[in-house]
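Here's the structure we're looking at; comments come further down.
Letters go in sequence order (proteins before strands), and every chain restarts at 1.
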Amino acid sequence: MEKFKKRLTILNAVIEALIKGPETVKYPFGDLALPEGYRGKIEFDPDKCSGCGLCVRDCPADALQLNKKSREEYTLLYYPARCAYCGQCEDSCHHGAISHSNNLVGATTHKDDWVLVFKESKASQE
Amino acid sequence: MDKISIPIGPQHPLLKEPLSMMVDIAGEKVLGGSLRLGYVHRGIERLAQQRTYVQNVHLIERICGICSHVHTTAYCYAVEALLGIEIPPRAQYIRALMCELERIHSHLLWLGILAKHIGLETIFMHTWHDREMALDIMEEISGGRVSHAANQIGGVRFDLDEEHIDMIRGILKKLHSQVDGLVDIIETEPAAMARTKGVAPISPDMIKAYGVVGPVARASGVDIDLRRDAPLPPYDQLEVKVVTHPGGDAWARTFVRAEETRVSLNLCEKILEDLPEGDVSLRTPRRVPEGEVIIRAEAPRGELFYYLRSDGSDKPARLKVRTPTLATLSLLPVQLAEINVADIPVVLAGVDLCIACADR
Amino acid sequence: MIKSLFNLLVFPGFLFLVMSGLTFEWLDRKFLARFQRRVGPPWYQPLADLIKLFSKEDLLPKNANDFLAALLPLVSLASVLTAGLYVPIAGYKAFSFEGDLIVIIFLMSVPTLAYYLAGIISLGIYSVLGGGRSLLQFFSYEVPLLIALSGPAILGGSWSVSTIMEAQVNLGPFILFQPLGFILAVIGLIGKLKRDPFDIPKAKSEVVGGSLTEFSGPTLGFWNLVMDIQAVIGIFLLIDLYFGWTKMSHPSLAIIIFIIECLILVLILSGTSAIFARLRIDQLAGLGWRILVPLALLQLGLIILMGN
C-alpha cells in the first residue's frame, strides 16, 4: 500500500503542476524580485574616492583602470564588459566609494567601447 | 554485425559540457570507447600563479559552475593554513552551510539530468524548479546565484541575521518535502528502475584500483567521506551520516545521491541551530609566508585536493588542483564496454561528470 | 464530383487534417508544458515552425539520395491522408467500404517503413541507428495493436470503421466492454507515433535525432506534418472504434462530445509522455511480446465469449 502510494507521487506532482500553473516569470513584464544583497550593477561615489588604487590592484578581471599622473591628477576608468561582478572592489575600498546595487546589468553591442569614467579629478580635466 | 564508431561529443545533446568520446558499437551493443579531454582547459593553475592571493579567490571560483564554493573554501583554508591563522567559528559554520547548500543543488541538478536522459523530462523540470530554492537561499545571503563570492581569505564576506536564518529555515522545510516526493518518484517509477538497475556495475576493487571517490565510490559500498574521515574545521563538530549502498550500479548511485541530499538538508538545519556568535572575518596580510600545504575537502562529487606552495610573495608559486571527476573519467571507458547503446546516457549521467572541473 | 473534391481537399481531406494536426501538436506541447510547470508555446507556434521549415534550404549529406529523401515524406503524407479519408470524423463519413479498417491500419504503417528508409538513405550514423530501432519497435507494438483493434471489429460484426461506429449507437460505447483493449490500443498508438515513453527511435540523448537527424528544410517540415496527421488520425480512429457515435437531440451536441473525447485522448497521450521514462529497445520488445500480446489475446478471447 505504502509503495503504491509512493508510485502515485508523480501523478500527484503532475496534477498539482497543472493546477498551480506555470512558474515562469515573464521577465520584462513580471517582477524578478532580486534580493537586497544581489551583486548587480556597480555604483560609484566620486566624492569619496581618494585615488588610492586599491580597487584596481585587487580587481581579478582587470575591469578597473587608474591613469595616475600625480596624487591629484588621475582618472579611474571602469570596463563593465570585463567585470565579473565579484564584489572585490567594494571590499577593498576603504572609503566606501564603490557599491553594488541590485539592478541588473545593462547590455551593449560594442563591448570594447563600453567604458565608464568613474572619476576624473579636477586637475586632469583642465 | 559490422562495427561502427559513433562520436559522442564535443557537441551532443547528451553532454552539457564538451567531452569527446568515440564509442564502438555493433548493433545495439557497445564494444568499447575512447576519451578525449581538454576542451574546456583554461589554464587556471597557471593563471593563478600570475595573480595575487586575493584575486585568486575569484579565479578559483570559476573553475566550476556548480561546486564553485567548495573550491574557494579549500583554497582559502590552504592560504589561511600558510598564514597560520584560524578563522572565527561563525565563519567556519557559514562556509559549511554554503557547502551543504551547494551539495543539495548539485545533487538535485544531477537527478534532473539523469531523469532527462532516461526520458522523464517532467522530473527534470520539477527537480530544477526545486533546486532553484537552494539557489534562492544562496542568492539571498551571498548576492550571487552560482558565483557566490562568499569566501575571502580570513573568513566570509557576509553575516547572517535572524531574518536570514528564519528565511533559510522556511525554504529548507519546503525543500525537504519536495525532495521526499522526488525520491519517492525516482525510487518507485518502474521504467526508471528498469533503466538504472544493474546498469554498468562497478566493484569495490575497481573503485580502489582507479581511485574513484565521492558518491560513485560510496554507491559501490566503499565507505569514504572526507567530512567524517578528515574533517575541515566545522565538520569535526558536526556528525555526518555517510550514505553507502553495496549495489554499484546506476540505481545505487541514484539512491546514494538522493539520500545524501536529505542528509545535507538535515546538516543545514543543524548548522543553523549550532551557529556560534562572533565575527565572520579577520584582517589578513597580503604576503603569505614561505611554505607548502595540502588541503582536502569533500566536494559534491568527491574528494577535492588542493596543493599550494608559497615563496613569500603576494602571488602563489604553485597551485595544484585535483578534482574528483578525473578519477571517474578514467573509469568511464571500462564502464562503457559491454553495455547497450541506450545505456550510454545512463552511465554518463550516473557518474556525474564535471568536465570544467577536470579540465580547468 | 464537387463533393469528392471537397472531401479530398477540405473536409476531411488535406486542409482539415493539416489544421487538426497542427492543433494537436500545439495542445500536446501546451499540456506537456503545464505538466512541467512551464508556459508552453503560443497557438501559432506549430504553424510558424512549419512555415519556417518550408522557407529553409534542403540540405543532405553529399552522397545521400536526394530524390528518395524528398519522395519518402510525400509518400507517407499521401498514405496518412488517404487513411484519413476512411476514418469517420464527428460522425461524417466521406468514403467507406467493408474492410477499410485493415486498409487504414496498413496505410498508417507506411510512414514507419518510410521513416526506416529515410534513416538508411540519409547516410548518417545516428540516422541508421534510429532507422533500425524504428523497425524493431514496429515489430513490438504492431501485433498487440492489431489484436486490440480487432476487438471492436468482432463486437461490431464488421471490418468497416463506420459500421463499427454506428453499431455503438445501439450497443453502447465499446470501451465499456473492453477497457483492457482500449488501454492496449492507446499503448500501441503511442508506439506507432514514436512518442515518449516509446520514443526510442528518436531518443535525443541516445541517437540525437533518429532517422531525421540529417534532414532539414521542407523535407523535415513534411515529416513533422506526417507525424502530426498520423497522431490525429490515430485519435479519431480510437474514438470511432471505442467511443462510437452518440445520438443526440441536436447534431452539434454530438460534435461537442466528439471534441471532448478527442481532448481526453490528447490529455492521456500527453500525460503518459509526462509521467513515464523511456524504455530500452529490448525492454520494449519484452513488454510487447511478453505482456501486451497475451493481454490482447485474453481480451480477444473474452470478446469472442461475449459475442456467443
Side-chain angles (χ1 to χ4, degrees), chain B residues 1-9 11-16 22-30 112-130 132 185-186 188-199 254 339-349, chain C residues 28-29 31-40 119-120 123-137 140 187 190 194-210 213 270-287 290-291:
Chain B
M1 218 177 250
D2 288 351
K3 185 178 106 172
I4 44 174
S5 302
I6 55 168
I8 292 184
Q11 309 287 329
H12 194 276
L14 174 57
L15 301 158
K16 304 291 165 278
M22 286 303 282
V23 181
D24 297 331
I25 61 167
E28 283 279 323
K29 192 139 214 90
V30 179
I113 287 179
L114 178 81
K116 186 174 190 293
H117 285 168
I118 60 175
L120 259 179
E121 205 145 307
T122 313
I123 300 301
F124 164 68
M125 294 288 174
H126 285 221
T127 322
W128 280 45
H129 168 256
D130 296 340
E132 210 62 26
I185 291 169
I186 214 85
T188 52
E189 217 284 310
M193 296 265 273
R195 286 301 301 275
T196 49
K197 269 226 158 118
V199 171
T254 320
I339 59 167
N340 204 303
V341 171
D343 289 333
I344 296 177
V346 181
V347 167
L348 265 179
Chain C
D28 176 39
R29 284 169 69 176
F31 278 138
L32 196 60
R34 288 300 163 96
F35 286 144
Q36 302 175 344
R37 311 203 68 178
R38 293 186 284 120
V39 175
I120 299 295
L123 295 178
I125 298 166
Y126 303 117
S127 321
V128 174
L129 269 176
R133 282 173 166 211
S134 78
L135 216 55
L136 273 171
Q137 178 167 336
S140 308
I187 294 174
I190 294 171
K194 304 182 190 64
R195 288 170 57 85
D196 209 353
F198 301 148
D199 58 343
I200 302 164
K202 50 182 187 181
K204 214 165 39 195
S205 57
E206 293 161 24
V207 287
V208 186
T213 309
S270 310
T272 44
S273 71
I275 64 173
F276 287 112
R278 185 192 309 123
L279 291 173
R280 221 158 46 205
I281 189 78
D282 52 324
Q283 289 167 346
L284 174 68
L287 177 78
R290 286 201 205 112
I291 298 170

| said: Strictly distance-based, threshold 3.5 Å: is any side-chain N or O of His126(B) a donor or acceptor partner for the main-chain N or O of Phe35(C)? | reply: yes
| field | Over all atoms of both residues, closest heavy-atom pair of Arg133(C) and Val341(B) | value | NH2-CG1, 3.9 Å
| Heavy-atom distance under 4.5 Å to chain C: side chain of Ile118(B), backbone, both or neither? | both
| task | Tell me, please, which residues at least two apart from Asp199(C) pass side chain to side chain contact (heavy atoms under 4.5 Å, CB included). | result | Asp196(C), Lys202(C), Arg278(C)
| field | Residue Ile123(B) versus chain C: region with a heavy atom under 4.5 Å | value | neither
| request: Let me know if Ile281(C) has heavy atoms under 4.5 Å from chain B in its side chain, its backbone, both or neither. | output: side chain
| query | Which atoms form the tightest heavy-atom contact between Asn340(B) and Asp282(C), and what is the distance? | reply | ND2-OD1, 3.8 Å
| note | Here the pair of heavy atoms bringing Pro7(B) nearest to Ile125(C) is CD-CD1, 4.0 Å
| request: Flag the pair Leu129(C) / Ile25(B) as yes when at least one side-chain heavy-atom distance between them is below 4.5 Å, and no otherwise. | output: yes
| What part of His117(B) is in contact with chain C, defined as an atom under 4.5 angstrom from a non-hydrogen atom: side chain, backbone, both or neither? | both
| query | So which part of Val199(B) gets closer than 4.5 Å to some heavy atom of chain C, the side chain, the backbone, both or neither? | reply | side chain
| request: Indicate yes or no: at least one non-hydrogen side-chain atom of Arg37(C) is less than 4.5 angstrom from one of Met125(B). | output: no
| query | What closest approach, in Å, do Ala194(B) and Arg280(C) show between heavy atoms, and which atom pair accounts for it? | reply | O-NH1, 4.3 Å
| message | Can you list everything that forms a ring-ring contact (aromatic ring centres under 6.0 Å, His included) with Tyr126(C)? Sequence neighbours excluded, please. | response | His12(B)
